[in-house]
Amino acid sequence: PNNPTLYHLNPAYTLARRQLIIGSTAEIVRDVIDDLDRQAAFPVGTAISAERFTDQQELFLGDISDFLREFHERFVRGAILKQGLTHDDASKEIGVLHSLLSRVGSVRTGHVIANDHFDLFLQAGPKAGSGK
């Protein structure tokens, strides 16, 4: 309830221009449809550019860790009931998960498409601008 990021998600999908388009908001889906329309306006032999980004996503694991801390006791209770751990062991295990998520910080993925190849990239590290 204290994380306003959750209220910016409005998942949407559609089939348009012979493509399945899935986005975190309806606005993003509409933007992709508009971009498909712009690309269709160019003749088949004309390249918009030699290389272009088609998708980029960033997941902030540190923020997820902060959000999940609100449910720490539920996770501990679940580990005790389902795995038979002691309270201290369960709390330590959940703490390791929080440490891992915080240390990784963020994960970025992206796709670059060119006429003769495509590239996928994956980058993990601190959130941009965090200085960690």
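Quick caveat, the model's predicted, so the values are computed rather than measured. All residue numbers refer to positions in the sequence shown, counting from 1. Both backbone and side-chain heavy atoms feed into the values below; hydrogens, waters and symmetry mates do not.
Under the 4.5 Å side-chain contact rule for hydrophobic residues, Ile28 and Leu59 do not share a cluster. Ile21 and Ile113 fall into different hydrophobic clusters, defined by Ile, Leu, Val, Met, Phe, Trp and Tyr side-chain heavy atoms under 4.5 Å apart, directly or through other members. Placement of Ile33 and Leu20 in two distinct hydrophobic clusters is found when ILVMFWY residues are connected by side-chain heavy-atom separations under 4.5 Å, directly or transitively. Both Leu101 and Phe71 are members of a single hydrophobic cluster when ILVMFWY side chains are connected at heavy-atom separations under 4.5 Å.
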### Query
What's the verdict on side chain to side chain contact (heavy atoms under 4.5 Å, CB included) for Arg77 and Ile80, showing C-alpha distance, side-chain angles and the deciding distance?
CA-CA 5 Å; Arg77 236 184 346 260; Ile80 292 170; 5.6 Å; no
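The two atoms that bring Ala16 and Leu36 nearest to each other are O-CD1, 4.3 Å, heavy atoms only. When every heavy atom of Val29 is checked against every heavy atom of Gly23, the shortest pair comes out as CG2-N, 3.6 Å. Among all heavy-atom pairs drawn from Tyr13 and Ile22, the shortest one is CB-CG1, 4.0 Å. Pairing each heavy atom of Ile94 with each of Phe75, the nearest pair is CD1-CB, 3.6 Å. Nearest approach of Ala12 to Ala26, heavy atoms of both residues: CB-CA, 3.8 Å.
With sequence neighbours left out, the side chain to side chain contact (heavy atoms under 4.5 Å, CB included) criterion links Leu120 to His111, Phe118. Annotation: side chain to side chain contact (heavy atoms under 4.5 Å, CB included) contacts of Leu81 (sequence neighbours excluded): none. Looking at residues two or more places apart in sequence or on another chain, you find no side-chain hydrogen bond (donor to acceptor under 3.5 Å, both in side chains) involving Thr14. In this structure, Gln19 has no side-chain hydrogen bond (donor to acceptor under 3.5 Å, both in side chains) partners at least two apart in sequence or on a different chain. Every residue two or more places apart in sequence or in another chain that forms a side chain to side chain contact (heavy atoms under 4.5 Å, CB included) with Gln123 is listed here: Arg108. Gln83 meets the side-chain hydrogen bond (donor to acceptor under 3.5 Å, both in side chains) test with no other residue; sequence neighbours excluded. When the side chain to side chain contact (heavy atoms under 4.5 Å, CB included) test is applied to Ser91, the partners found at least two apart in sequence or on another chain are His72, Val76.
The stretch residues 14-25 participates, sequence neighbours left out, in these salt bridge (charged side-chain N to carboxylate O under 4.0 Å, His left out) pairs: Arg17-Asp37. Listed by first then second residue, pairs satisfying salt bridge (charged side-chain N to carboxylate O under 4.0 Å, His left out) with a partner in residues 82-106 number zero, not counting sequence neighbours.
In this structure, Leu85 shares a hydrophobic cluster with no other residue, the cluster being traced through Ile, Leu, Val, Met, Phe, Trp and Tyr side chains under 4.5 angstrom apart. Annotation for Val96: hydrophobic cluster partners, listed by chain and number, are none (ILVMFWY side-chain heavy atoms under 4.5 Å, direct or chained).
For the pair Ser65 (side chain) and Leu61 (backbone), a donor-acceptor distance under 3.5 Å is absent. Of the possible polar contacts, none joining the Ser102 side chain to the Gly62 backbone as a donor-acceptor pair under 3.5 Å is found.
At most 12 heavy atoms of other shown residues, nucleotides or ligands fall within 6.0 angstrom of atom CD in Glu27.
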